[in-house]
Undergrad: 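Pasting in a structure now, in structure tokens, and then I'll have a few things to ask.
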Amino acid sequence: VKSFAPLSFALLACSCAPDPAPFQLAQPNVAQFAEQAYPVLLRDCGFPGCHGAMDRFFRVFGPGRTRLSATADPSDPASAEEIQHSYDRARSMIDPGKPAYSLLLRKPLASDAGGAGHKGDDALGRNVYASTQDPNYQTLRAWVLAQPALPDAGVGGP
Amino acid sequence: MTRVGCLLLPVLLAYPAAARAFSDYELFSLPPLEGGGGGRFYTTSSSDGYGCSVCHLGGPKPVIELRGLPEHNLFAGAAYDIELVWQAPEAAHALNLEFVTPDGRAAGSIVLPDPNTLDALDRCDAAHPEESATQLIEESAPRQVLWMNDCGARRLRFRYIASAEPRLMFAASIVRTDASEKPDGDGVTELRRELSLVGTETGGGDEGCSVRPHARAQPLPLALLALCASWLRRRRRNA
């Protein structure tokens, strides 16, 4: 019993350690998303063969693309559910501690412009945005960076 | 089924209630919130690298024969009569194509044939008698995108006037539709050709129906002729 005492004490000490800060989702502006970021995501990401596919984590639904409702006509306006679903998936790609380092901004950007980790190259092997100067990229960036970084968000890139 | 129902069924099948996605060329330039492409034309060119395959998938890929487009030795200002023919004429095909420079600017110009010269292969089928099979999309300016409707035409013909750009690209994205009005079940083939003007690329013979403004010197036959003449002269001298 004596030989197990230090181990038991160590386990007890570990179990009493304070929990790490809970992960916080970013809270970017919903109206700005619907008016500015959502049309860009629809245009450049939400194709049925890409981020309009049901088996993808990051999904964007809406007019002219995959519809959330099977009964919606392709040309029907975006529903509130489609915007909310797209917003939730998009904000989950935002690093609340370091928004500029968010996957939402790095994935679609060319690697020589600072992007990384996207497999959806075009037919010529290029990523969605060649540079940070692309107007659509800047729209996404403006939406992501409009919210202040959360200092204790629990995650963060280099 | 009643007799009236039997009579109405073919009519209802011929006119589906839902619009065909992107079957109207104007959709490509409409804002995304209106279901449009937001200025994307999906040709897979250097100015628009994503093709129709981002939406249309799951079906057999169309097999396309491209005629009349020489890959090398284009002449600036010359006219080339281009033809695209598909091996499954029973299936409706749609496409977008363009000619661009490597940095994505329009290269040369596309001219559609006089409507009076079109025959049945070039036109929409009997189910779409009022529709136009092809359209140059004005909204694609300064690019020039040629769109073809999936209305049953069995080939595409147009004339290309080559630009003075030394290097250019032909890019086309072609959809073979399953007529389901949905993008799944369709197949896509993407055609891209790197083209070059005469004098900027070696190799590759002249093909197609080019109208050449200049004759081109052929250095190899001339050199062979000179060699033969020299050999004959030497042989005569030795004799």
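Throughout, protein chains are lettered first and strands after them, A, B, ... in sequence-line order, and every chain is numbered starting at 1. Computed over heavy atoms, backbone and side chain alike; hydrogens, waters and symmetry mates excluded.
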Undergrad: Among residues at least two apart in sequence or on other chains, which ones pass side-chain contact (heavy atoms from CB on, under 4.5 Å) with B:R192?
TA: A:A123, A:L124, B:T44, B:M169, B:A171, B:E190
Undergrad: Let me know if B:L33 has heavy atoms under 4.5 Å from chain A in its side chain, its backbone, both or neither.
TA: both
Undergrad: Before accepting this row, confirm whether a basic side-chain N of the pair B:R40/B:D48 lies closer than 4.0 Å to the acidic partner's carboxylate O.
TA: yes
Undergrad: Sort B:S45 into side chain, backbone, both or neither according to what part of it lies under 4.5 angstrom from a heavy atom of chain A.
TA: backbone
Undergrad: Based on non-hydrogen pairs under 4.5 Å, which of B:S173, B:P31, B:G58, B:S46 is most in contact with chain A?
TA: B:S46
Undergrad: What part of A:V40 gets within 4.5 angstrom of chain B, counting heavy atoms only: side chain, backbone, both, or neither?
TA: neither
Undergrad: Give me the ring orientation class for A:H51 and A:H118: parallel if the planes are under 30° apart, tilted from 30 to 60°, perpendicular past 60°.
TA: parallel
Undergrad: Parallel, tilted or perpendicular: which one describes the rings of B:F99 and B:F158, with boundaries at 30° and 60°?
TA: perpendicular
Undergrad: Does any backbone or side-chain atom of A:D44 lie under 4.5 Å from a heavy atom of chain B? Answer side chain, backbone, both or neither.
TA: both
Undergrad: Counting only heavy atoms not in B:E138, do more than 12 sit closer than 6.0 Å to its CD atom?
TA: no
